[in-house]
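Reviewing the structure listed below.
So you know, we letter chains A, B, ... as the sequences are listed, proteins then strands, and number each from 1.
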Amino acid sequence: MTGRIVAGLEGVAKAFGGLRAVDGVSLDIPAGEVVGIIGPNGAGKTVLINLITGFYHASDGQITIADHNVTQWTLHQIGRLGVARTFQNIRLFRRLSVLENVMVANPAFTAHPLRGLLALSPRRQGRDEAMDLLALFGLADRADQSAGELAYGDARRLEIARALATRPRLLLLDEPAAGMNDRETEALVDDIRKVKPRLEAIALIEHDMSLIRALADRVVAMNYGRIIAEGATGTVLSHPKVVEAYLGQEES
Amino acid sequence: MLAEQIANGVVVGGLYALVALGFTLVFGLLDKLNFAHGEVVTLAGFVALVAVQLGASVWLAIPIVIVVTGLSGLLIELLSFRAFTSKEGHSVSALSSFALGIVILEVVRLEYGAAPLNLAIPTTIYTSGISILGAPIPWVKLATLGISVVLMIGLHVVVGHTRLGRQIRAVGEAPTSAMLLGIHVTRVIQYVFVVASALAGISGLLIAMQGGFVSSEVGFTFALKGIAIMAIGGMGDLRGAVLAGLLIGIAEGIAIHYGLGGFSDVLVWLVMIAVLLIRPEGLLGGGRREVRA
């Protein structure tokens with residue numbers, strides 16, 4: 001790839017009271033790459049994702065996405081710029097059907113919900129595109145079920161499908177393999193590989209190192225809100241500081 | 001006769017339901033009560049009065065009322081809801097909208113006094129009509145019923161089967177997720193306030209046309225019953241509001257038939273207490289609080 005930067009962080013910090021959950025992080029997510037973000041619990045990984053998506057606003061530093069300084073942008077603006085995410089604890093619209101979860105994210109309609117209000121035909125509401133996405137994740141036959149009824153693995157897949165429905169440039173996955181067994185994790189690796197060509201870049205927070213090894217082109221390791229190592233996946237995973245950070249916390 | 005009172009009850013119940021739908025839409029979306037909602041019903045009558053006094057026909061008054069009350073919804077959202085998004089925002093919005101409702105009411109009273117005023121529309125609208133099963137039904141009641149049914153079905157279709165409706169339900173369930181998906185949450189909320197207020201406006205106009213007069217007291221009465229009917233039907237549930245509205249309207253009609261008309265204002269509250277005791281989530285609530293068609 002060209003090495004173009006999809007998202008860039010420069011000295012980004014976020015303090016909650018006295019605690020600096022993210023403490024001066026600089027990081028580039030280049031086009032064409034899957035960047036793995038690892039680190040023990042409380043290292044600041046999820047806060048970092050929350051900063052990139054506008055859930056929190058940085059106390060310091062600058063966040064650039066697709067050449068826009070989005071440091072103070074709202075969730076909705078950042079979403080429309082092409083950033084999508086999934087959550088550690090899956091957050092679907094549980095009362096909407098599986099299909100509706102994907103249809104509601106179609107960017108052609110989120111900007112102007114009134115346009116085509118009278119277009120009652122499901123096709124004109126983007127039903128076919130949504131069904132294609134569901135088929136990609138093997139969820140097509142569950143389209144009319146309500147999302148709250150899905151099994152865990154399917155719910156995780158639907159969350160990724162919904163994120164893709166916004167046609168994002170950058171997808172942020174927050175511990176997608178959490179709560180999955182080995183077989184489900186392998187399927188997840190396949191799913192993420194499948195969707196990679198649809199995206200400019202992926203950032204992947206994960207504790208499951210098999211997932212990181214399988215997918216990440218580059219890894220950033222964090223501890224206490226700071227980056228302690230970054231570089232090629234193998235190098236970072238065996239970096240002494242990273243091993244030390246994980247000792248007694250998680251096995252790497 | 002009983003059939004006549006039941007027919008009346010259905011018509012009044014439809015009006016209750018229209019007002020309750022506005023309450024339940026906003027509640028299902030924001031988890032907040034809009035206490036200014038009832039006074040939009042009052043406002044509608046007086047907007048019609050002004051329009052007719054200025055020479056508009058009753059047919060022209062209808063769209064004028066819809067536009068003005070719809071816009072009043074935008075104002076209510078802006079003044080009493082937009083800024084209060086924190087957890088404490090629920091009580092602040094309740095207080096603020098309560099105050100806003102009283103402002104609307106008192107401004108109307110300042111200008112027009114507290115006594116009912118004659119609305120100069122053709123009297124045939126509410127005096128002549130047809131007879132169904134021996135019960136005389138004036139045109140205005142038939143029209144009210146027809147309009148109520150159309151609006152209810154329309155709302156059901158919009159919320160259940162359109163892009164906007166999907167966004168409304170998504171925002172009602174998880175506003176931050178909706179926002180990140182690019183949904184313009186503020187705009188969706190604005191649309192809902194416009195729709196809810198226009199529904200209150202249409203009911204206010206229809207209420208005024210039942211007897212050819214406008215009164216500043218109607219908003220308060222309908223607000224109270226609308227809230228009760230929302231609770232009885234199940235918070236956020238559109239079908240529940242319609243069902244409960246009709247039930248209460250018909251029960252009131254029956255009470256009037258048996259000479260218990262004075263009791264009808266107590267009835268709705270007794271029903272509400274009983275329903276909440278047996279099913280705290282309301283008839284169709286099902287333990288859910290967000291908007292559903």
Side-chain angles (χ1 to χ4, degrees), chain A residues 49-50 52-55 73-87 90-97 99-122 124-127 130 146-148 159 162-168 172, chain B residues 25 28-29 31 70 74 82 85 150 153-195 198 234-239 281 284-293:
Chain A
I49 298 257
N50 284 337
I52 297 174
T53 46
F55 273 78
W73 283 25
T74 64
L75 278 171
H76 153 257
Q77 291 172 309
I78 292 174
R80 293 205 65 77
L81 184 62
V83 177
R85 72 172 288 182
T86 64
F87 294 86
I90 303 169
R91 291 197 203 170
L92 292 169
F93 301 117
R94 298 171 56 84
R95 315 291 195 195
L96 270 60
S97 76
L99 178 63
E100 285 183 319
N101 263 275
V102 178
M103 286 170 77
V104 79
N106 188 324
F109 311 139
T110 46
H112 304 284
L114 274 199
R115 185 182 297 162
L117 180 66
L118 298 177
L120 290 176
S121 90
R124 289 188 55 195
Q125 297 180 38
R127 184 177 191 278
S146 88
E159 205 190 18
R162 185 183 65 178
L164 286 176
T166 65
R167 288 170 212 157
L172 308 164
Chain B
L25 267 177
L29 190 72
D31 227 15
L74 286 181
R82 177 85 56 89
T85 52
V150 167
I153 294 173
L155 194 63
H156 174 80
V157 170
V158 167
V159 172
H161 301 281
T162 66
R163 298 163 187 174
L164 177 63
R166 221 168 278 129
Q167 292 184 22
I168 289 172
R169 284 178 288 134
V171 171
E173 192 179 331
T176 40
S177 299
M179 226 180 268
L180 185 60
L181 291 173
I183 292 173
H184 202 313
V185 170
T186 307
R187 199 170 292 163
V188 170
I189 293 171
Q190 285 179 317
Y191 288 135
V192 165
F193 270 89
V194 169
V195 169
M235 311 289 271
D237 199 292
L238 303 184
R239 286 175 308 173
E281 70 276 22
L284 301 183
R288 305 150 56 162
R289 293 162 73 90
E290 71 289 337
V291 183
R292 55 214 175 263

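Rounded to the nearest 0.5 Å, atoms CZ (Arg169(B)) and CZ (Arg95(A)) are 12.5 Å apart. For the atom pair CD1 of Ile183(B) and CZ of Arg80(A), the computed distance is 10.0 Å after rounding to the nearest 0.5 Å. Atom CD of Glu290(B) is separated from atom CG of Leu96(A) by 9.0 Å, given to the nearest 0.5 angstrom. Residue Met179(B) holds its CE atom at 12.0 Å from OG1 of Thr53(A), rounded to the nearest 0.5 Å. With rounding to the nearest 0.5 Å, the separation of CG in Asn106(A) from CG in Leu181(B) is 11.0 Å.
In this structure, chain B has a heavy atom under 4.5 Å from the side chain of Thr166(A), while its backbone stays farther away. There is no contact between Leu81(A) and chain B, counting heavy-atom distances below 4.5 Å.
Around the CZ atom of Arg82(B), the shell of radius 6.0 Å holds more than 12 heavy atoms that belong to other residues, nucleotides or ligands. Heavy atoms from other residues, nucleotides or ligands lying under 6.0 Å from CZ of Arg94(A) number 12 at most.
Heavy atoms only, all atoms of each residue included: Glu100(A) and Gly160(B) are closest at OE2-O, 3.8 Å. Considering all non-hydrogen atoms of both residues, Phe93(A) and Ala170(B) come closest at CE2-O, 3.4 Å. Closest approach of Thr176(B) to Leu75(A), counting heavy atoms only: O-CD1, 3.9 Å.
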